[in-house]
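Just so we're clear, the structure is a prediction, and the values are computed from it rather than from any experiment.
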Amino acid sequence: MDPGEAAILESSLRVFYRLFVPLPPLSAALPGRMNVIDHVRDMAAAGLHSNVRLLSSLLLTMSNNNPELFSPSQKYQLLVYHADSLFHDKEYRNAVSKYTMALQQKKALSKTSKVRPSTGNSASAPQSQCLPSEIEVKYKMAECYTMLKQDKDAIAILDGIPSRQRTPKINMMLANLYKKAGQERPSVTSYKEVLRQCPLALDAILGLLSLSVKGAEVASMTMNVIQTVPNLDWLSVWIKAYAFVHTGDNSRAINTICSLEKKSLLRDNVDLLGSLADLYFRAGDNKNSVLKFEQAQMLDPYLIKGMDVYGYLLAREGRLEDVENLGCRLFNISDQHAEPWVVSGCHSFYSKRYSRALYLGAKAIQLNSNSVQALLLKGAALRNMGRVQEAIIHFREAIRLAPCRLDCYEGLIECYLASNSIREAMVMANNVYKTLGANAQTLTLLATVCLEDPVTQEKAKTLLDKALNQRPDYIKAVVKKAELLSREQKYEDGIALLRNALANQSDCVLHRILGDFLVAVNEYQEAMDQYSIALSLDPNDQKSLEGMQKMEKEESPTDATQEEDVDDMEGSGEEGDLEGSDSEAAQWADQEQWFGMQ
């Protein structure tokens with residue numbers, strides 16, 4: 001055959017193949033070469049989510065138009081990778097839809113004993129071995145449901161996974177979801193399963209302790225790892241400390257964590273310092289709480305956890321500029337946490353902008369429905385806006401989440417008192433007293449309710465004396481005892497009480513009340529000094545400002561003489577000067593109006 005005939009034959013064969021031999025599907029690959037599914041998988045593994053989303057979307061459309069283009073296993077992979085890219089883009093509802101389609105595809109696969117290969121696909125066997133895990137797909141679906149606040153659906157999808165196939169992260173998510181739903185027994189079981197597989201899962205340990213599991217029982221589950229792994233001798237003490245935390249034994253918890261914090265290997269640990277700060281706050285020792293928060297913040301400038309409580313304490317002290325700066329700094333770190341919103345809400349609340357505080361508290365709850373401080377902020381704002389029944393709902397939820405935090409009960413009792421529900425307030429205060437024990441805080445809370453009823457005034461006095469015997473510097477007890485002494489007009493006793501309380505601490509409210517008592521005994525100059533100190537501590541304290549202004553209006557002999565001179569001038573008919581005075585007053589009025597507009 002000459003070269004010309006050979007060329008004609010080759011050309012004819014090419015035309016024949018194009019016309020009569022079908023092209024291999026996209027899923028097929030030559031031996032040793034990658035197919036399109038392999039490329040999608042590699043891009044997903046490389047974190048190229050936007051690329052995966054675009055390509056998988058096009059390939060799925062092609063598959064829908066030509067069902068023979070991909071095998072069922074390959075379509076399953078495409079659906080999973082596409083859903084993963086949607087999850088990364090936070091399109092959770094769309095991701096759930098695609099994950100559901102993927103699981104349906106996988107179910108169809110499992111019904112056949114052998115995965116149907118695509119035409120010419122020599123790589124189908126290896127692909128069937130590296131299919132995305134069905135368990136992992138269900139976990140991702142549960143994550144989507146939690147982001148959509150559909151916890152029941154998340155529990156349902158995870159409950160469908162057989163117990164033996166549940167990984168530690170699945171058990172951990174189930175435990176948290178059960179706990180949030182109030183299902184304590186399955187939550188404990190799931191936490192224990194996490195610890196069985198991962199004995200150093202400290203958050204699971206905290207979960208068990210929060211569900212009233214004994215510290216000794218929890219410690220026994222970690223004993224083997226403590227004995228076999230070096231430098232873990234601190235773990236048993238750590239568990240003991242947080243067991244005290246969750247039983248409400250604040251003093252023993254503080255002492256135990258301090259002993260841990262003093263160990264050279266754990267010194268300056270931010271988490272331990274944050275826990276200490278929170279415990280001091282719960283114990284009513286705000287000064288030490290602020291100091292520990294500041295210490296933790298210096299060690300970690302990007303710390304967010306606990307900063308909502310820190311901001312609240314600063315706001316209570318009247319340090320609103322510091323609160324504002326803290327809020328700005330936290331927003332620069334992350335606006336997807338509740339803490340920055342709570343801190344800004346505290347600034348608004350103590351600036352008496354309650355509607356804005358309400359909005360910021362609601363935003364914080366939207367980001368983290370378990371934020372106790374956000375619930376307290378929103379509840380307090382609702383209460384001050386007169387929406388007491390709504391406030392009660394938020395305080396009750398805070399109590400459910402943090403049954404050992406006294407400030408949650410204080411907020412609820414204040415709501416009861418605001419609505420004149422003294423009986424409900426008394427029942428709640430008695431329950432707190434019995435549950436949390438007879439300490440200075442619970443005694444003062446019960447005394448606060450007793451002060452509202454004339455019949456129980458003597459009981460209130462007894463309770464306050466007991467509280468002050470335990471903690472003479474407890475500010476709330478001092479304030480309530482001073483209130484009682486004021487009713488009885490025992491001002492000298494009140495002055496002695498307040499001076500004693502102020503000997504080792506400085507507090508705006510105590511200085512202001514001392515000023516009020518000094519006015520009552522005609523000690524005006526010292527009263528003025530006390531009001532000045534109070535305002536230096538909190539420039540926004542309206543009551544101190546009112547007390548000072550009231551004293552400034554008190555007439556002195558010189559003022560009286562000047563007023564008599566003015567009366568003489570009015571009677572003398574010297575109208576020229578008076579007209580000038582009117583003109584000057586008008587100018588000042590204009591200036592005041594202008595300043596008021598700024």
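Residues Thr442 and Asn439 have side chains that bring a donor and an acceptor to within less than 3.5 angstrom of each other. No side-chain donor from either of Asp322 and Asn325 sits under 3.5 Å from a side-chain acceptor of the other. In this structure, a donor-acceptor pair under 3.5 Å is present between the side chains of Ser369 and Lys180. Residues Tyr178 and Asp159 bring a donor and an acceptor atom of their side chains to less than 3.5 Å of each other. Side-chain contact, Tyr280 with Asn250: no donor N or O sits under 3.5 Å from an acceptor N or O. Using a 3.5 Å distance cut-off with no hydrogens or angles, the side chains of Glu217 and Ser220 do not pair a donor with an acceptor. No hydrogens or angles considered: nothing links the side chains of Tyr191 and Asn171 as a donor-acceptor pair under 3.5 Å.
Residues Leu103 and Glu134 have side chains in contact (heavy-atom distance under 4.5 Å, counting atoms from C-beta outward). Contact of the Leu158 side chain with the Met173 side chain is registered, since non-hydrogen atoms from C-beta on lie closer than 4.5 Å. When side chains are defined from C-beta on, Ile475 does not count as touching Val509, because their heavy atoms never get closer than 4.5 Å. Side-chain contact between Met221 and Lys192: present, with at least one pair of heavy atoms (C-beta onward) separated by less than 4.5 Å. Between Leu376 and His394, the closest side-chain pair of non-hydrogen atoms is not below 4.5 Å. Between Val478 and Leu468, some side-chain heavy-atom pair lies under the 4.5 Å cut-off. Side-chain contact check for Leu367 versus His337: every heavy-atom pair is 4.5 Å or farther apart. Here the side chains of Tyr312 and Phe281 are in contact, with some heavy-atom distance below 4.5 Å.
Panel note: side chain Gln505, backbone Ala501; a donor-acceptor pair is recorded below 3.5 Å. For the pair Asp89 (side chain) and Glu91 (backbone), a donor-acceptor distance under 3.5 Å is absent. Of the possible polar contacts, none joining the Asp335 side chain to the Phe331 backbone as a donor-acceptor pair under 3.5 Å is found. Using a distance-only test at 3.5 Å, with no hydrogens or angles considered, a donor-acceptor pair links the side chain of Thr247 to the main chain of Phe244. The main-chain N or O of Ala277 is found under 3.5 Å from a side-chain atom of Ser289 such that the two form a donor-acceptor pair. Between the side chain of Tyr409 and the backbone N or O of Pro403 there is at least one donor-acceptor pair closer than 3.5 Å. Judged by distance alone, with hydrogens and angles left aside, the side-chain atoms of Gln74 form a donor-acceptor pair with the main-chain N or O of Ser71 at under 3.5 Å. Side-chain atoms of Tyr76 come within 3.5 Å of backbone atoms of Pro132 as a donor-acceptor pair (strictly under, hydrogens ignored). Within the 3.5 Å criterion, the main-chain N or O of Gly207 finds a donor-acceptor partner in the side chain of Ser210. One N or O on the side chain of Arg166 and one on the backbone of Ile161 form a donor-acceptor pair closer than 3.5 Å.
Closest non-hydrogen pair, Leu330 versus Leu303, comes out as CD2-O, 3.7 Å. Closest approach of Ile254 and Leu276 over heavy atoms only: O-CD2, 3.9 Å. Heavy atoms only, all atoms of each residue included: Lys98 and Ala83 are closest at CB-CB, 3.6 Å. Minimum heavy-atom separation, Ala253 to Leu279: CB-CD1, 3.8 Å. Residues Ala44 and Tyr81 approach most closely at CB-CD2, 4.0 Å, considering heavy atoms. Ile257 approaches Ala241 most closely through the heavy-atom pair CG1-CB, 3.6 Å.
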| task | Start with the C-alpha gap between Arg396 and Ile392, add the side-chain angles, then the distance that decides, and say whether side chain to side chain contact (heavy atoms under 4.5 Å, CB included) holds. | result | CA-CA 6 Å; Arg396 284 176 176 168; Ile392 286 173; 3.6 Å; yes
| request: Go through Thr189 and Glu193 one step at a time and tell me if the side chain to side chain contact (heavy atoms under 4.5 Å, CB included) criterion holds. | output: CA-CA 6 Å; Thr189 302; Glu193 190 60 27; 5.8 Å; no
| task | Kindly indicate, with the supporting measurements, whether the criterion side chain to side chain contact (heavy atoms under 4.5 Å, CB included) is fulfilled by Tyr92 and Val96. | result | CA-CA 6 Å; Tyr92 302 115; Val96 166; 5.5 Å; no
| Audit row: Ser275, Tyr242, side chain to side chain donor-acceptor pair (under 3.5 Å) steps and yes/no | CA-CA 9 Å; Ser275 295; Tyr242 284 95; 2.6 Å; yes
| request: Take Leu445 and Tyr433, measure what side chain to side chain contact (heavy atoms under 4.5 Å, CB included) needs, and give me the verdict at the end. | output: CA-CA 8 Å; Leu445 183 61; Tyr433 178 79; over 6 Å; no
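The distance from atom CZ of Phe87 to atom NZ of Lys140, rounded to the nearest 0.5 Å, is 6.0 Å. Summarising the geometry, atom CG belonging to Leu463 is positioned 5.0 Å from atom CG belonging to Leu446; distances are rounded to the nearest 0.5 Å. Atom CD of Gln297 and atom CD1 of Ile304 lie 11.5 Å apart (nearest 0.5 Å). Residue Asn176 holds its CG atom at 7.0 Å from NZ of Lys179, rounded to the nearest 0.5 Å. Expressed to the nearest 0.5 Å, how far CG of Asp38 lies from CD of Gln77 amounts to 8.0 Å. Arg405 CZ to Arg282 CZ: the interatomic distance, rounded to the nearest 0.5 Å, is 6.5 Å.
Between Glu397 and Arg400 there is a salt bridge, since at least one side-chain N of the basic residue sits less than 4.0 Å from a carboxylate O of the acidic one. A salt bridge is defined here as a Lys NZ or Arg NE, NH1 or NH2 lying under 4.0 Å from an Asp or Glu carboxylate O, and Glu339 with Lys305 fails to meet this definition. Classification of Lys169 and Glu136 as a salt-bridged pair holds, one side-chain N sitting under 4.0 Å from a carboxylate O. Looking at Glu324 and Arg329, no side-chain N of the basic residue comes within less than 4.0 Å of a carboxylate O on the acidic one, giving no salt bridge.
Within 6.0 Å of CG in Asn332 there are more than 12 heavy atoms belonging to other residues, nucleotides or ligands. Heavy atoms of other residues, nucleotides or ligands lying less than 6.0 angstrom from NZ of Lys149 number more than 12.
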Output side-chain donor-acceptor pairs under 3.5 Å for residues 227-239, partner residues at least two apart or in another chain, one line each.
{"residue": "Thr228", "atom": "OG1", "partner": "Asn224", "partner atom": "O", "Å": "2.9"}
{"residue": "Thr228", "atom": "OG1", "partner": "Val225", "partner atom": "O", "Å": "3.4"}
{"residue": "Trp234", "atom": "NE1", "partner": "Asn231", "partner atom": "O", "Å": "3.0"}

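The aromatic rings of His49 and His88 sit parallel to each other, their planes meeting at less than 30°, with 60° as the upper class boundary.
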